[in-house]
Every structure is written in C-alpha cells, then in structure tokens.
Peer 1: 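Have a look at this one.
Everything quoted here is computed from the prediction, not taken from an experiment. Just so it is clear, the values below take in all heavy atoms, side chains as well, and ignore hydrogens, waters and symmetry mates.
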Amino acid sequence: MAFLNPDPHRLQEGLLLRELHHRAADGVASAIELVSAAIIRAEGAEAKAALANVVSLLHGHAEVHRMLVQARGEALIDAAAYVHGLGCAMRQSQLDPMKIQLILDTERVPLQPVRCWLVGLIVHDLIATAAKHACFDARCGAIKVKLARHEDLVNCVVLDNGSRPARSDSGPRLRIDNDVAKSLGGRVEQGFGSEFTSVVLSFPLTDRERRAHRGIVNRHMRLTRPLRAKAAALVPRHPSSAPSHEADLPLAAEPADALGQLLSPPNRMVAI
C-alpha cells in the first residue's frame, strides 16, 4: 500500500501558524487577567464599569481570534454557522462599540474545513475594513453579509451603507483578499454607489461540496413535502367558498435592490 508523503513546507507553515495563534491567544488571555485584577483594585463604580467594558472587548477579540484559527480535520463545515459565529464575535469586539449594526443573511453551504477558514478570513477582513473606512455621515452605520449558493457557485456579499470617498486606503486590503480568493478558485469584486459600497466574493464549489449540498437539499425536500401536502388539503376546493379580499389590497411596492445593479459596468471594480 502506497502512502503519500505530506509536503514538508506546508507542514512547517501550518506549525508556525498554529504557534502564532497560540502566542496571540496567550497574550489576550493575559490582558484579560490583568484588567480583571485591576477591576478589583479600582475605586468608584465608573472606573469599574469602564474596565469591565475593556474586559468584554478583550473577550470579543479572543473569540474572533479563536474563530480564525485554521480548521483541522476532514469533516465539512457549514459556512453559514461559521459566518454567524464570526459575526457575533465581531459585534462584541468591534462593531457594537462603534454603533455599527451587523446583519447576517446566510444559507447553508457545506465547505471543506480549509476552504471555510479562507472564507472566514476574507469575510472578517471585509467587515473590519468597512467598519474602519466607511463614511456613514449622519446615517446609522450598517453592514450586511449575505451568503448564498447559485448552482455551483457561492457568492458572499459584504454590503455597507457608507459612502465611497473614505475608501482610498482600502485598495491594498482588497488586493490581499482577492489573492486569498484565488486559492478558492474565485475572485473578489467591489461595487459602489453614492451611499453604499459592496464587495462580492465568488468561488466555485468542489465536487465533494456539491454532493453534500445536494444531500441537504434532498433531505429538506423530504421533510417539507408532508407539510406542503397538509397545507394543500386545507385550501378550499372552490374559490366561492372562501371569499378573498386580496384583489382589494394595493400591490406592495418591490423594495429597491441596492445589489441588483452592483456589478453593472459603470459601478464595478475588479481587484487584481
């Protein structure tokens, strides 16, 4: 039986990365202990509350750091759950203190561990960059992350309601994110308008990921089929037996889709 020897260079990189994560985690833990001890010694409710807020922020940063540790093993990871966990940690560590709302709209997308981790790295950087560089003016700051699968492609959109003039410093970060996206076989594109900026990460699923997603869809259909049949049985057979006033109701206006024209030629920039 033949065994494939692992790439020693890749193994060394993995060991160094885990060591760096371990040292950073130890540093944050030590800072939490020091500030927690300072709370006990502090005099006055205001000082104690301020230090307690620092501890909360540090816990948030520790959770973000934990989420961004490179995944190990072979089991597929639900990218939706991963992005939700990362978003919650970023709310605590960065967004809530800045009064920026984070909206997560995700659907289940099973990904291989390393690929899910790479998506997390990009999403984290895009959210952090939007929070740092977006100019919200008098608007309440908001960042939305939408993760969806379209046939064999995964699209992850990070949209914020900040204006474009403050984005001059984000170009190098976008190029780095696009380099990471290339390792997924995908790319990153930026779109913008007068009062929004969006970055779209798009990449294809692997064969294994496609098979897993088909399994999820099939299970969902089997579970929902009896419910649909039961709901159909409750619908009256004759329209006259159940008078409806729907015709008297005004048609709801379709909401403006800020993403609909996002990648039109006048509003598109491709990171290279």
Side-chain angles (χ1 to χ4, degrees), residues 6-75 77-104 106 111-134 141 143 145 156 158 160 169-170 172-177 179-180 183:
D7 184 354
H9 180 67
R10 184 174 293 275
L11 283 176
Q12 185 178 16
E13 285 184 346
L15 289 172
L16 290 174
L17 185 59
R18 286 195 292 274
E19 177 63 21
L20 287 173
H21 275 295
H22 178 70
R23 294 188 183 189
D26 284 348
V28 176
S30 297
I32 291 174
E33 291 177 1
L34 290 172
V35 179
S36 298
I39 294 176
I40 299 174
R41 298 191 301 268
E43 298 181 358
E46 186 176 347
K48 289 181 179 292
L51 291 172
N53 287 336
V54 174
V55 171
S56 179
L57 288 175
L58 289 173
H59 276 295
H61 282 290
E63 181 61 17
V64 169
H65 183 77
R66 187 189 70 80
M67 294 291 299
L68 292 178
V69 173
Q70 182 174 353
R72 305 175 69 179
E74 297 296 329
I77 297 175
D78 180 13
Y82 183 75
V83 169
H84 268 269
L86 181 61
C88 290
M90 294 192 71
R91 283 193 186 110
Q92 181 181 357
S93 65
Q94 183 176 7
L95 301 178
D96 285 350
M98 298 175 70
K99 308 299 182 184
I100 298 175
Q101 182 184 16
L102 179 64
I103 304 164
L104 300 171
T106 60
L111 297 177
Q112 294 170 245
V114 173
R115 285 164 55 82
C116 190
W117 170 65
L118 292 173
V119 171
L121 290 178
I122 295 173
V123 171
H124 170 267
D125 192 59
L126 294 179
I127 294 175
T129 300
K132 179 179 180 181
H133 294 289
I143 299 172
V145 179
C156 185
V158 179
D160 67 77
D169 296 333
S170 62
R173 297 300 314 170
L174 192 64
R175 285 191 289 272
I176 292 174
D177 292 330
D179 287 340
V180 178
S183 65

Peer 1: Would you list the atom pairs, donor with acceptor, under 3.5 Å between side chains in residues 80-89 and any protein atom, with sequence neighbours excluded?
Peer 2:
residue : atom : partner : partner atom : Å
Tyr82   : OH   : Met67   : O            : 2.5
His84   : NE2  : Thr106  : OG1          : 3.1

Peer 1: Kindly indicate whether the side chain of Ile127, heavy atoms from C-beta on, has any atom under 4.5 Å from the side chain of Val145.
Peer 2: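 Yes, close enough: below the 4.5 Å cut-off.
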Peer 1: Distance from Asp125 atom CG to Asp177 atom CG, nearest 0.5 Å?
Peer 2: 4.0 Å
Peer 1: Below 3.5 Å, can you tabulate the donor-acceptor pairs from side chains in residues 36-54 to any protein atom, sequence neighbours excluded?
Peer 2:
residue : atom : partner : partner atom : Å
Ser36   : OG   : Ile32   : O            : 2.7
Lys48   : NZ   : Ile39   : O            : 2.6
Lys48   : NZ   : Ala42   : O            : 3.1
Asn53   : ND2  : Ala49   : O            : 3.4

Peer 1: Rounded to the nearest 0.5 Å, what separates atom CD in Glu33 from atom CG in Leu58?
Peer 2: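 Between atom CD of Glu33 and atom CG of Leu58 there are 11.5 Å.
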Peer 1: Report the distance from atom SG of Cys156 to atom CD1 of Ile122, rounding to the nearest 0.5 Å.
Peer 2: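 Output value for this atom pair is 8.5 Å.
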Peer 1: Mind listing the closest non-hydrogen atom pair of Leu57 and Ser93 along with its distance?
Peer 2: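 Nearest heavy atoms, Leu57 then Ser93: CD2-O, 3.6 Å.
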Peer 1: Measuring from atom NE2 of His65 to atom NE2 of His124, what distance do you get when rounded to the nearest 0.5 angstrom?
Peer 2: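 Between atom NE2 of His65 and atom NE2 of His124 there are 11.0 Å.
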Peer 1: So how far is it from Ile103 CD1 to Asp160 CG, rounded to the nearest 0.5 Å?
Peer 2: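 Ile103 CD1 to Asp160 CG: 11.0 Å, rounded to 0.5 Å.
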Peer 1: Please determine whether side chain to side chain contact (heavy atoms under 4.5 Å, CB included) holds for the pair Leu104 and Arg91, giving the CA-CA distance in whole Å, both sets of side-chain angles, and the decisive distance to 0.1 Å.
Peer 2: CA-CA 11 Å; Leu104 300 171; Arg91 283 193 186 110; 4.1 Å; yes
Peer 1: Using 0.5 Å steps for rounding, measure from the CG atom of Leu111 to the CD1 atom of Ile77.
Peer 2: 8.5 Å
